[in-house]
A.B. asks: 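Got a structure for you, questions after.
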Amino acid sequence: MSETIKTDVLIIGAGPVGLFAVFELGLLDIKAHLVDILDKVGGQCAELYPEKPIYDIPGIPYITGHGLTDALMEQIKPFKPTFHLNEMVTTIEKIGEPGFRIGTDRGQVFEAKVVVIGAGGGSFQPKRPPIPGIEPYEGKSVHYAVRKMDAFRDKRLLIVGGGDSALDWTLNLHPIAKRLTLVHRRDEFRGAPDSVNKMRALVASGGMDLKIGQVSALEGGDGQLAAASIKGKDNAVERIEIDTMLPFFGLTMKLGPVAEWGLKMEGELIPVDTAAFETNIPGIFAVGDINTYPGKLKLILSGFHEAALMAQKAYHYVYPDKKLVFQYTTSSTSLQKKLGVA
Ligand SMILES: Cc1cc2nc3c(=O)[nH]c(=O)nc-3n(C[C@H](O)[C@H](O)[C@H](O)COP(=O)(O)OP(=O)(O)OC[C@H]3O[C@@H](n4cnc5c(N)ncnc54)[C@H](O)[C@@H]3O)c2cc1C
């Protein structure tokens, strides 16, 4: 297990609002670490609509989800936030007044004076394929993400899916796998044409196998796969021996562990006050799509406003003996120094 990381603020979720929270906290000399279950920052903007235009960010007539994420990353650069991606916050425990111990599914422990929940619509989680009896293999020989490529070295791999993730991992893992088979239900792929062409060239040269059909059954014991049955369109079943299966069926948003943190909830949302966007537990704030209050709009601009007010109150927890003086970035040399522009 890694050493406990101590920080002023732990932000759960690196969506647009979690990212902007780094900026507002940073202006007040508050350091932040961010944890996100995705392998990238930007939340819904990066995962659900990277190429789609957003027209209602104040002062920016047009920007894509990807563009906004990049711009936010540029804006928070001076504050050097630390990101922990591919990691889900699972536990929050109160250890002080205020003070929290936060744990992740990868065994990382943080101690923070303040927790900011920017968990959006919840954690993005992989969709489970409809294969009977898959559960005992999950996390052992069925994996929904590739955290370390080397874990798949010299294995007989079965990759399932027809999108970019399935194709990208097919191309990345085939050089180290003992044998790689890609299964997709039809002979058309949603992934980038270049990846499809590369995959087809590998199949033609005998470097990997492509099967058109669906995985209908699994064999193995104690969580270790031994074989999979693939049912073709003609209902013929082919059995292939495998060590590991990687299904890539896309992501879905689920609330996840947020409901288990002892916070007052309204359905799948966290009620907050509108003065500081603090939850019923002092020192834990909720900003962005995850919170609710009278008149709440699930818009990025609302989340940005919430982050600014959250930071003002968080300051009093982080620096209880200091007085906070309100300043403009336009005229404050002290803020400009923090931004590296003065
Ligand atoms: C198709 C589409 C178009 C949209 N267009 C617009 C628009 O034009 N204008 C606009 O203002 N809004 C738009 N929105 C809404 C906007 O994207 C959301 O309001 C915004 O993304 C909310 O930001 P957030 O940071 O609160 O949450 P999110 O973007 O949802 O990010 C939350 C992050 O938290 C992570 N997370 C959750 N739980 C955990 C956990 N336990 N551990 C670790 N990480 C966790 C998630 O993986 C996620 O990355 C659109 C949404 C969609 C789907």
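Counting convention: from 1, in listed order, for ligands and their atoms alike. The first residue of the sequence shown is numbered 1, and numbering continues consecutively from there.
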A.B. asks: Do any pairs count as a salt bridge (charged side-chain N to carboxylate O under 4.0 Å, His left out) and have a residue in residues 47-60, sequence neighbours left out, and if so which ones?
C.D. replies: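 Sorted pair list: Lys40-Glu47.
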A.B. asks: Under 3.5 Å, is there a donor-acceptor pair between the side chain of Asp8 and the main chain of Lys31?
C.D. replies: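 Answer holds: yes.
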A.B. asks: Can you list everything that forms a side chain to side chain contact (heavy atoms under 4.5 Å, CB included) with Asn291? Sequence neighbours excluded, please.
C.D. replies: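 If we apply the side chain to side chain contact (heavy atoms under 4.5 Å, CB included) test to Asn291, skipping adjacent residues, the hits are Val272, Phe277, Ala286, Tyr293, Lys296, Glu306.
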A.B. asks: Could you label the plane-to-plane angle of the Phe79 and Phe23 rings as parallel, tilted or perpendicular, counting under 30° as parallel and over 60° as perpendicular?
C.D. replies: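 Perpendicular.
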A.B. asks: Would you check ligand 1 and list the protein residues that come within less than 4.0 Å of it by any heavy atom, ordered by chain and number?
C.D. replies: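 Correct list: Ile12, Gly13, Gly15, Pro16, Val17, Gly18, Val35, Asp36, Ile37, Leu38, Gly43, Gln44, Leu48, Tyr49, Ile54, Asp56, Glu87, Met88, Val89, Gly118, Ala119, Gly120, Gly121, Gly122, Ser123, Phe124, Met253, Trp261, Gly288, Asp289, Lys298, Leu299, Ile300.
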A.B. asks: Carefully, step by step, assess Glu135 and Arg128 under the rule side-chain contact (heavy atoms from CB on, under 4.5 Å).
C.D. replies: CA-CA 9 Å; Glu135 294 86 351; Arg128 175 184 274 163; 3.8 Å; yes
A.B. asks: List the atom pairs, donor and acceptor, that lie under 3.5 Å between side-chain atoms in residues 221-237 and the rest of the protein, sequence neighbours left out.
C.D. replies:
unit_1 : atom_1 : unit_2 : atom_2 : d
Gln224 : NE2    : Asp243 : O      : 2.8
Asp234 : OD1    : Ala236 : N      : 3.1

